[in-house]
Amino acid sequence: NIENIVTRIRGNIVLARQKGIDINHVDRPFEYIRAEIIADCVEEIEREEKRFQVESVEVIGEPSLAKIKIKIIGEVVI
């Protein structure tokens, strides 16, 4: 469920255009993009999956390849 939440692109979900990660930061510096992605991931998970508590979000990027990976660490709280 977490993977589904953080791979949605904002604006592409019918009847829920506000959900998802904002991809409009493409041409900005990588450090700025990293901060925005972390904030979006935490916000989306907190809103969509209340059973999961985020401990950390790491954005691993290769700016020269325009490629990133997102690593989320947390735990399920019941």
Side-chain angles (χ1 to χ4, degrees):
N1 198 22
I2 300 300
E3 181 179 2
N4 182 33
I5 291 168
V6 299
T7 57
R8 295 184 277 193
I9 298 172
R10 187 170 293 155
N12 285 355
I13 302 157
V14 178
L15 301 177
R17 301 285 183 199
Q18 76 283 2
K19 292 183 180 182
I21 304 300
D22 188 1
I23 61 165
N24 292 320
H25 309 297
V26 177
D27 293 328
R28 298 204 172 143
F30 184 70
E31 290 305 316
Y32 178 82
I33 294 170
R34 180 189 317 235
E36 289 296 319
I37 289 173
I38 291 170
D40 283 350
C41 286
V42 171
E43 181 181 314
E44 289 295 307
I45 292 169
E46 286 177 351
R47 182 176 62 235
E48 297 290 321
E49 186 56 83
K50 302 203 185 304
R51 299 171 294 174
F52 189 80
Q53 183 175 10
V54 177
E55 292 176 12
S56 69
V57 177
E58 183 179 350
V59 178
I60 305 160
E62 296 179 39
S64 62
L65 300 176
K67 193 174 195 178
I68 63 164
K69 292 181 183 179
I70 301 170
K71 180 179 179 179
I72 300 170
I73 299 174
E75 64 181 336
V76 176
V77 180
I78 299 176

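Bear in mind the structure is a predicted one, so any value in this text is a computation, not a measurement. All residue numbers refer to positions in the sequence shown, counting from 1.
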Rounded to the nearest 0.5 Å, what's the gap from [atom1] on [X] to [atom2] on [Y]? Could you check?
X	Y	atom1	atom2	result
Ile9	Ile23	CD1	CD1	4.5 Å
Arg10	Glu44	CZ	CD	6.0 Å
Ile37	Ile70	CD1	CD1	5.5 Å
Asp40	Ile21	CG	CD1	4.5 Å
Glu46	Glu48	CD	CD	11.5 Å

Do you know the tightest heavy-atom contact between Cys41 and Val6? SG-CG1, 3.8 Å

Which pair of heavy atoms, one from Val57 and one from Ile38, lies closest together, and at what distance? O-CD1, 3.7 Å

Does Ile5 share a hydrophobic cluster with Leu15, counting links as ILVMFWY side-chain heavy atoms below 4.5 Å and allowing steps through other members? no

Answer with yes or no whether the hydrophobic clustering places Ile73 together with Val42; edges join I, L, V, M, F, W, Y residues whose side-chain heavy atoms lie under 4.5 Å apart. no

Measuring only between side-chain heavy atoms, which start at C-beta, is Phe52 closer than 4.5 Å to Ile72? yes

Give me each pair satisfying salt bridge (charged side-chain N to carboxylate O under 4.0 Å, His left out) with a member in residues 51-61, each pair once, sequence neighbours excluded. Glu49-Arg51

